[in-house]
Amino acid sequence: MQKNLEPKYNYHQVEEGKYDHWVKQGYFTAGDKSKEPFTIVIPPPNVTGILHIGHAWDNALQDIISRYKKMRGYDMLYLPGMDHAGIATQAKVDARLKSEGISRYDIGREKFLERAWEWKEEYAATIRKQWAKLGNSLDYTRERFTMDEGFNDAVKHVFVSLYNEGLIYRGWRIINWDPEARTALSNIEVYHQNIPGKMYYFNYKVVETEDSFTVATTRPETMFGDVCVVVNPKDERFTHLIGKHAINPANHMPLPIITDEYVDVEFGTGAMKCTPAHDPNDYQIAERHGLEKPICMNPDGTMNALAGKYEGMDRYECRDKLTSDIEAEGNLIKIEDIEHEVAHSERTHCIVEPYLSEQWFVKMKPLAQDVLDHQKDPDQHIYFYPERFERTFEQWLENIEDWCISRQLWWGHRIPAWYHKETGEVYVGEKEPEDIENWTQDEDVLDTWFSSALWPFATLGWPEDTEDYERYYPTSTMVTGYDIIFFWVARMAFQARHFTKQRPFKDVLIHGLIRDAKGQKMSKSLGNGIDPMQVIEDYGVDALRFFLTTNSTPGQDMRYIPEKVEASWNFINKLWNASRFVLLNLPDDFDPKSISFEDLTESDIWILNKLNETIAHVTQNMEKYEFALVGNELYSFIWEDFCNWYVELSKASLNSDDIKLQKSAQGTLYICLLNILKLLHPFVPFVTEEIYQTFCHDQESLCLESWPEVINEVPQIDTLSMDRLISVIKKIREVKIVSHLKPSAPLDIMIKDLDGNALPVDPAQANMLQRMAKATWLDKIEGDLAVETVYAGTLLIPSEELLDKEAEIAKLKQEEKRLNGELARSRGILNNPGFLNKAPQAKIDEEKRKQSDYEKQLSAVIERLKMLDK
RNA sequence: GGAGGCUUAGCUCAGUUGGGAGAGCGCACCCUUCACAGGGGUGAUGUCGCAGGUUCGAGUCCUGUAGCCUCCACCA
């Protein structure tokens with residue numbers, strides 16, 4: 001059944017058709033009840049567009065864990081799905097409508113939603129294609145969407161329950177208002193950016209006296225919503241004015257002058273204007289003093305009737321006009337250029353307006369506290385990798401404020417609240433009121449993250465008590481970026497805690513952001529984004545996956561560097577060629593069952609021990625999500641130990657006439673390759689499957705193989721003698737270069753230990769020396785091309801005729817210097833009573849051995865130098 | 001104003017309980033029958049940001065400090 005691999009690694013050909021086949025065969029479908037479940041839910045991508053390279057990274061990590069766990073014998077569920085992404089998708093659909101010359105208001109809510117669903121279907125199809133390209137081992141029989149029927153029920157259930165428990169309420173609060181999207185935002189949907197601005201100083205005249213004083217503001221347009229002027233009660237500069245009134249320079253209305261501890265005497269002029277409807281601090285002051293909270297702006301950021309002649313003007317236009325009008329009246333004192341932190345909308349990037357409005361909120365303190373309390377329970381603790389993000393997570397929960405969950409959008413879960421048309425009574429329920437004609441439903445929808453927060457359990461059928469929910473929940477590992485710990489991870493944590501009484505996942509593996517080669521964040525405006533589909537086109541998906549998952553440590557950002565993707569490609573190419581070598585050297589009737597561990601050569605045993613070591617280390621690090629370490633170890637085992645050493649060494653056996661030698665090399669090559677394929681499969685599933693299919697295999701697919709375990713039949717050896725051989729070979733190569741000999745020039749050698757005794761070389765070793773270094777072993781030095789090597793040291797002595805004397809002396813001097821340095825260090829330690837008293841005995845012995853080796857090597861070097869001096 | 005990360009070879013980064021500084025790429029020189037020239041071989045290159053401390057011993061632990069970066073935070 002055996003066939004050979006194509007001479008060239010062609011990733012297009014290798015990847016072709018495999019994924020569809022895997023899906024069709026049901027390899028990714030969970031449900032084997034005989035096994036223990038392991039669950040990963042995909043962080044649902046937004047249906048706003050296509051996947052970017054950050055998704056490719058995120059998914060590659062999940063897929064590696066999934067494939068690994070499946071091989072480890074788990075009933076693996078990797079659950080796919082997508083997020084409706086309320087505000088983002090609505091903006092995209094709006095833009096599409098705009099390109100057709102219409103607005104959503106022209107077509108109305110129903111029609112708009114139809115268009116949004118069209119959009120969703122279109123992009124969902126694209127995303128599925130991209131998942132396929134990436135090779136994600138997703139169970140499509142369980143795919144979910146945050147607005148599918150079951151999910152809608154879950155959302156309603158959660159909303160109604162929290163409302164009935166008093167954990168959701170509706171009220172007037174200062175919220176972040178996005179005037180462009182015309183919706184409320186939660187605190188974490190805004191970001192603060194330091195931008196240049198101006199501080200305006202205005203003259204306020206006092207009504208009752210001839211006094212006047214200065215008030216500073218950055219937002220003059222809000223002066224139409226001012227209700228008072230506030231000073232600190234302890235501020236003696238203003239004591240005589242307290243209780244009097246000042247004229248608002250904007251509208252000439254008198255404002256009471258009051259006191260409040262909040263005012264900072266040091267800041268500004270010490271006198272602060274108070275706009276309760278447009279500033280959260282001012283709102284607090286107004287609450288304390290029982291003041292009105294007039295709103296002076298419209299939802300679109302224009303001024304309302306309160307602004308008088310400025311009504312209808314944009315907020316910034318009003319700011320300028322008003323300022324010049326005040327200046328004309330002689331009440332502008334100065335304008336200062338300043339830099340300040342201003343809140344911007346994450347979505348539209350416009351400046352967010354603190355705005356008094358009636359919204360729905362989740363009362364967060366008790367929910368957050370519940371999570372924090374359970375972090376103390378090891379069985380309910382959510383473990384972050386790396387651990388430091390636990391602090392980020394917990395500190396955020398400790399300082400949490402109520403969550404504004406209503407959004408003035410159409411695309412999303414409509415709030416299940418109705419208002420009675422006559423009585424104004426509020427009804428909240430999963431089903432609409434029976435006498436629906438008397439009620440009006442709340443126009444708003446819920447924050448997207450309100451539904452995303454239910455993802456790990458609602459996707460499994462909750463609130464129904466389904467079989468999947470019973471079996472696969474709580475989930476095992478969540479993989480996501482540090483940028484959405486607050487948006488998503490924390491919210492899943494408290495919703496899960498509250499509704500399922502469990503943590504939503506045991507582990508959270510955090511990764512960073514992927515940046516461009518210069519370290520800049522990828523963004524549309526910079527045009528420095530990398531399309532993963534293009535990378536796959538250029539290098540193949542396996543190279544992309546290997547690059548993405550082995551080049552960074554957990555939680556750390558990574559740069560996209562094309563040369564590193566190329567390096568990954570080269571590695572895969574190396575694997576391909578090594579596999580070709582193995583296949584070319586296995587006989588047609590090769591039977592893995594005939595492999596015997598009885599007649600292995602020293603080099604066979606050496607590489608199999610290396611393999612065992614690799615299996616053990618890789619498995620340990622896979623469990624710790626240390627994929628970069630795994631990558632490094634596999635890379636050096638495969639390229640260095642297996643390809644550069646063992647494959648070359650094996651040629652001696654393969655080409656010999658001894659059937660036993662041939663067989664043991666063949667068996668060893670087979671075992672190594674099979675295990676290499678298994679170890680690499682989670683990282684590079686396509687190429688490993690292609691190779692696996694090409695030679696004798698037990699399973700119909702590598703996807704069904706089990707993870708390698710340490711092979712106990714391999715004889716344990718001290719690898720010292722192979723290491724000795726390797727160091728001798730390296731030395732011979734070195735002396736040939738120093739002596740300007742061709743690598744292929746034959747050389748006779750004698751090997752001595754440090755005490756000058758000739759070491760025996762067995763026929764196998766002689767064979768290897770012949771093969772790897774074109775050297776033969778001699779009983780004694782004779783002829784022109786003879787060298788002797790001193791093992792365990794680094795000295796290799798070519799005969800005089802061979803060598804470049806100058807170069808040899810220079811090299812020996814350098815060696816002498818190094819050895820003296822090492823000896824000084826070694827003696828220093830061994831003369832230190834502290835070391836002798838406190839260090840472990842093994843360390844002391846090791847150091848003594850080193851010292852004696854150094855001494856022997858040094859005397860050999862010195863002796864050699866003396867000889868050359870003659 | 002809080003919190004965290006980074007600083008190791010020319011570049012990008014590893015370095016898992018403290019015990020002789022690593023990889024990839026790049027660089028120099030050599031090598032094309034025998035899996036692979038997108039390959040093989042040999043080699044050069046580091047005051048591990050700086051200063052203290054703990055320790056017999058610190059790239060690794062502690063304290064301080066500089067530079068770069070990120071997150072959180074309501075200062076008019």
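Reminder, nothing fancy here: chain letters follow the sequence lines and each chain counts from 1. Note: hydrogens, waters and symmetry copies are ignored here, and every other heavy atom, side chains too, is used.
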Under 4.0 angstrom, heavy atoms only, what part of the nucleic acid is [X] near: base, sugar-phosphate, or nothing?
{"X": "A:Gln284", "value": "nothing"}
{"X": "A:Pro840", "value": "base"}
{"X": "A:Glu648", "value": "base"}
{"X": "A:Asn621", "value": "base"}
{"X": "A:Trp569", "value": "base"}
{"X": "A:Lys850", "value": "base"}
{"X": "A:Asn281", "value": "base"}
{"X": "A:Cys643", "value": "base"}
{"X": "A:Trp639", "value": "sugar-phosphate"}
{"X": "A:Asp264", "value": "base"}
{"X": "A:Ala578", "value": "base"}

Would you mind telling me which residue lines up with the more 5' stretch of RNA chain B, A:Gly834 or A:Val647, judged by nearest nucleotide?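 The residue whose closest nucleotide sits nearer the 5' end is A:Val647.
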Need to verify one output field. Residue with the more 5' nearest nucleotide on RNA chain B, A:Trp576 or A:Lys742?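 Of the two residues, A:Lys742 wins.
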Pair A:His340, A:Asn194: side-chain N/O donor-acceptor within cut-off below 3.5 Å: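 No.
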Give a yes-or-no answer on whether the side chains of A:Tyr355 and A:Asp279 include a donor-acceptor pair shorter than 3.5 Å.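 No - no donor-acceptor pair under 3.5 Å links their side chains.
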Short side-chain N/O contact from [X] to OP1 or OP2 of [N], under 4.0 Å:
{"X": "A:Lys521", "N": "B:rU70", "answer": "no"}
{"X": "A:Arg219", "N": "B:rA76", "answer": "no"}
{"X": "A:Lys651", "N": "B:rA35", "answer": "yes"}
{"X": "A:Asn570", "N": "B:rG24", "answer": "no"}

What nitrogen or oxygen pairs link the protein and nucleotides 6-13 of chain B at under 3.5 Å?
from	atom 1	to	atom 2	distance (Å)
B:rU12	O3'	A:Arg559	NE	3.4
B:rU12	O2'	A:Lys564	NZ	3.4
B:rU12	O2	A:Lys564	NZ	3.0
B:rC13	OP1	A:Arg559	NE	2.9

With a 4.5 Å limit on heavy-atom distance, are the side chains of A:Met522 and A:Ile53 in contact?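 When only atoms from C-beta onward are counted, A:Ile53 and A:Met522 do touch, with a gap below 4.5 Å.
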Would you compute the distance between atom CZ of A:Phe695 and atom CG of A:Leu677 and round it to the nearest 0.5 angstrom?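 Output value for this atom pair is 5.0 Å.
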Return the NZ to CG distance between A:Lys521 and A:Asn528, rounded to the nearest 0.5 Å.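 The NZ atom of A:Lys521 sits 11.5 Å away from the CG atom of A:Asn528.
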So does A:Val352 get a backbone contact from the side chain of A:Asn176, meaning a donor-acceptor N/O pair under 3.5 Å?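 Absent.
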Taking the six-membered ring for Trp, are A:Phe571 and A:Trp639 parallel (under 30°), tilted (30 to 60°) or perpendicular (over 60°)?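 Judged by the thresholds at 30° and 60°, the geometry between A:Phe571 and A:Trp639 is parallel.
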From C-beta outward on A:Pro743, which listed nucleotide comes closest to its side chain: B:rA3, B:rG39, B:rC31?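 Looking only at side-chain atoms, A:Pro743 lies closest to B:rC31.
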